[in-house]
A.B. asks: 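Below are the structure tokens for one structure; questions will follow.
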Amino acid sequence: MRKKSGFAVWAAVVSLTAAFPALAAPTGPGAPPEPEKYDARTLERLEDNRIEYDELPDLVHEYNPNMSVAWDTYMSMKDDYAGMVTELESQYWHVKATTDAAVSAAKLLGDQSIAAPVLMLDKTYRSTIQSMRDVVNKWDTNRQATGSLKNIERQIVAGAQSAMIGYDTIRQNIATLETMVKLYEQQAAMANRQAALGMATENNLASANSSLLAAQTQLASLREQQESVRRTLCLLLGYDPDANPEICPVPEFDMARLAGMNLEEDTKKAIGNNQTLIAQRTSPKGTTNDRIAARSRMIQEGDQKLTIEMQRLYQDVQDKKAAYDAACTGFEAARLNHDASERQYRLGLLSDVQYIGTQISFYQKKAERDSANLNLLQAMETYDWAILGFAEVSD
């Protein structure tokens, strides 16, 4: 097959438009990460079949099937593009020979206008090669080229964080309910014995059985929700949904993150990073006064809407922190009461019914504290994602 001339290759490159094909999600994790990208400890953690909260960004990047295919496609495009540059460089001699011939003819005939178009072509050809070579050299760090992929990846990470926080919330609630079901069973059994002895009313018996039934129903519902969230998290991280990786508990919220909040500065960053507002600021200015004014109003309104949203998200973090503090206070009081009831029960100063009542209160308060901790974490993550540009600007 005859090789294409430099001009044909050049024409093909000039008309090239990059487009990603539709991505079909394969089953199971993506290809193993490249060892040189991570230290040995990090690589081991990524491949240990355990999902840990701080690993989510790397797990999404390496194993989410759509992102894995998208990044592979993007990098293979780099190889193709580099090949085109090499082809152009190898064919430059055609252009150089034509240029030299034109320059010689111009000198021979004493007419420089003969060489001018060819010299311009030579300059344009070399400039095109250099520009394309620069693109290849900056391929991995080109913000414009990788921006959309990174934005999608960050949205998936945010979704994975929410799923894992939701899963851990459900897991904690299940553990609490399992304990409370046992306590309610004991409470109902005692109520039945007391009713048989005429020591409890029908209302006491109905109340105990109602509490037990409600806890059992809620427990069954939570187990269904847990499985649904587990499958979602597996899909986001590239696991087969029927697989059973270990989903580790979400760590306690780091209160130091609250000290880093600065609403005014964070809002400026959020406005600068938000893709909707960037699109508004880079939209055509218009050619009439009305269009220019309308565009200016649109930009101002967008900034105001995001400012209000950042205020809402900031306040939500503060509210969740206050709720967490209240839950901690409630749990501490319940813990002290629980410890005291343990001693009193051993000394025979509490009845079985009273003792179980203090146990139930303790586990309820513990569940409230644990849930408040995860709610605070979710609010903080949402706020931080908004700073990075992922807050909705309503119409």
Side-chain angles (χ1 to χ4, degrees), residues 53 164-227 229-230 246-255 258 318-379:
Y53 190 76
M164 191 163 178
I165 291 171
Y167 181 87
D168 210 38
T169 301
I170 294 172
R171 175 166 50 195
Q172 291 178 2
N173 288 338
I174 285 176
T176 300
L177 272 172
E178 286 175 339
T179 300
M180 291 181 65
V181 163
K182 293 177 182 177
L183 293 172
Y184 281 133
E185 286 174 342
Q186 296 176 30
Q187 192 178 59
M190 285 187 291
N192 277 304
R193 288 196 298 270
Q194 290 175 338
L197 297 172
M199 299 172 62
T201 66
E202 289 295 324
N203 285 340
N204 295 141
L205 182 59
S207 176
N209 287 324
S210 176
S211 296
L212 173 59
L213 179 60
Q216 289 172 330
T217 302
Q218 188 177 1
L219 182 58
S221 175
L222 281 177
R223 283 171 174 160
E224 290 181 2
Q225 293 177 35
Q226 183 185 40
E227 175 59 14
V229 175
R230 186 197 68 80
E246 179 186 354
I247 302 175
C248 299
V250 174
E252 286 282 320
F253 176 72
D254 181 5
M255 295 297 168
L258 297 173
Q318 305 309 313
D319 291 344
K320 293 299 192 297
K321 175 60 167 59
Y324 174 74
D325 290 341
C328 286
T329 300
F331 173 68
E332 182 60 22
R335 186 186 64 79
L336 293 173
N337 188 46
H338 173 268
D339 293 346
S341 69
E342 289 282 353
R343 293 189 295 270
Q344 292 172 344
Y345 185 67
R346 286 195 298 270
L347 294 171
L349 301 176
L350 279 184
S351 68
D352 289 343
V353 172
Q354 290 172 321
Y355 175 69
I356 290 175
T358 60
Q359 293 280 306
I360 290 172
S361 176
F362 170 76
Y363 284 105
Q364 285 175 330
K365 293 300 182 182
K366 180 180 183 299
E368 289 174 8
R369 185 206 61 178
D370 293 343
S371 180
N373 175 71
L374 291 172
N375 289 339
L376 175 57
L377 173 60
Q378 182 64 77

A.B. asks: Tyr345: which residues meet the ring pair (Phe, Tyr, Trp, His ring centres under 6.0 Å) condition with it, sequence neighbours left out?
C.D. replies: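 Applying ring pair (Phe, Tyr, Trp, His ring centres under 6.0 Å) to Tyr345 gives Tyr355.
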A.B. asks: Taking only distance into account, with no hydrogens and no angle test, what donor-acceptor pairs under 3.5 Å do side-chain atoms of residues 177-186 form with protein atoms, sequence neighbours excluded?
C.D. replies:
| unit_1 | atom_1 | unit_2 | atom_2 | d |
| --- | --- | --- | --- | --- |
| Glu178 | OE2 | Arg223 | NH2 | 2.8 |
| Thr179 | OG1 | Ala175 | O | 3.2 |

A.B. asks: Inspect the contact between Arg343 and Asp339 and indicate whether a charged nitrogen and a carboxylate oxygen are less than 4.0 angstrom apart.
C.D. replies: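 Arg343 and Asp339: not salt-bridged.
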A.B. asks: How far does NZ of Lys321 sit from CG of Asn373, to the nearest 0.5 angstrom?
C.D. replies: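 The NZ atom of Lys321 sits 11.0 Å away from the CG atom of Asn373.
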A.B. asks: Among Glu342, Gln187, Gln364, whose side-chain hydrogen bond (donor to acceptor under 3.5 Å, both in side chains) with Gln359 holds?
C.D. replies: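 It is Glu342; the other options fail the test.
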A.B. asks: Could you tell me the separation between the CD1 atom of Ile174 and the OH atom of Tyr167, rounded to the nearest 0.5 Å?
C.D. replies: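 Ile174 atom CD1 to Tyr167 atom OH measures 7.5 Å (nearest 0.5 Å).
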A.B. asks: Quick one: pull up CD1 in Ile170 and CD in Glu227 and give me the separation to the nearest 0.5 Å.
C.D. replies: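 Reported value, rounded in 0.5 Å steps: 11.0 Å.
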A.B. asks: Name the atoms and distances for all side-chain donor-acceptor pairs under 3.5 Å in residues 209-218, with sequence neighbours left out.
C.D. replies:
| unit_1 | atom_1 | unit_2 | atom_2 | d |
| --- | --- | --- | --- | --- |
| Asn209 | ND2 | Leu205 | O | 3.3 |
| Ser211 | OG | Ser207 | O | 3.1 |
| Thr217 | OG1 | Leu213 | O | 2.9 |

A.B. asks: Using every non-hydrogen atom in the two residues, find where Ala327 and Ala372 come nearest and quote the distance to one decimal.
C.D. replies: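 Here Ala327 and Ala372 meet closest at CB-CB, 4.0 Å.
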A.B. asks: Can you pull out every salt bridge (Lys or Arg N to Asp or Glu O under 4.0 Å) where at least one residue sits in residues 363-377? Sequence neighbours excluded, please.
C.D. replies: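 Sorted result for residues 363-377: Lys365-Glu368, Lys366-Asp370.
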A.B. asks: Let me confirm one number: the CG-OG distance from Leu336 to Ser341, rounded to the nearest 0.5 Å.
C.D. replies: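 With rounding to 0.5 Å, CG (Leu336) is 11.0 Å from OG (Ser341).
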A.B. asks: Can you list every ring-ring contact (aromatic ring centres under 6.0 Å, His included) pair that touches residues 204-225, not counting sequence neighbours?
C.D. replies: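 Checked against ring-ring contact (aromatic ring centres under 6.0 Å, His included) - neighbours excluded - no pair reaches residues 204-225.
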A.B. asks: Step by step, work out the side chain to side chain contact (heavy atoms under 4.5 Å, CB included) result for Gln354 and Thr358.
C.D. replies: CA-CA 7 Å; Gln354 290 172 321; Thr358 60; 5.8 Å; no
A.B. asks: For the residue pair Met190 and Asp352, what are the closest heavy atoms and their distance?
C.D. replies: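 Here Met190 and Asp352 meet closest at SD-CB, 3.0 Å.
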A.B. asks: When rounded to the nearest 0.5 angstrom, what is the spacing between OG1 in Thr169 and CE in Met164?
C.D. replies: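 Thr169 atom OG1 to Met164 atom CE measures 11.0 Å (nearest 0.5 Å).
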A.B. asks: What distance separates Tyr324 OH from Ser371 OG, expressed to the nearest 0.5 Å?
C.D. replies: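 It comes to 12.0 Å.
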A.B. asks: Sequence neighbours left out, what pairs pass salt bridge (Lys or Arg N to Asp or Glu O under 4.0 Å) with at least one residue falling in residues 165-177?
C.D. replies: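 Sorted result for residues 165-177: Asp168-Arg171.
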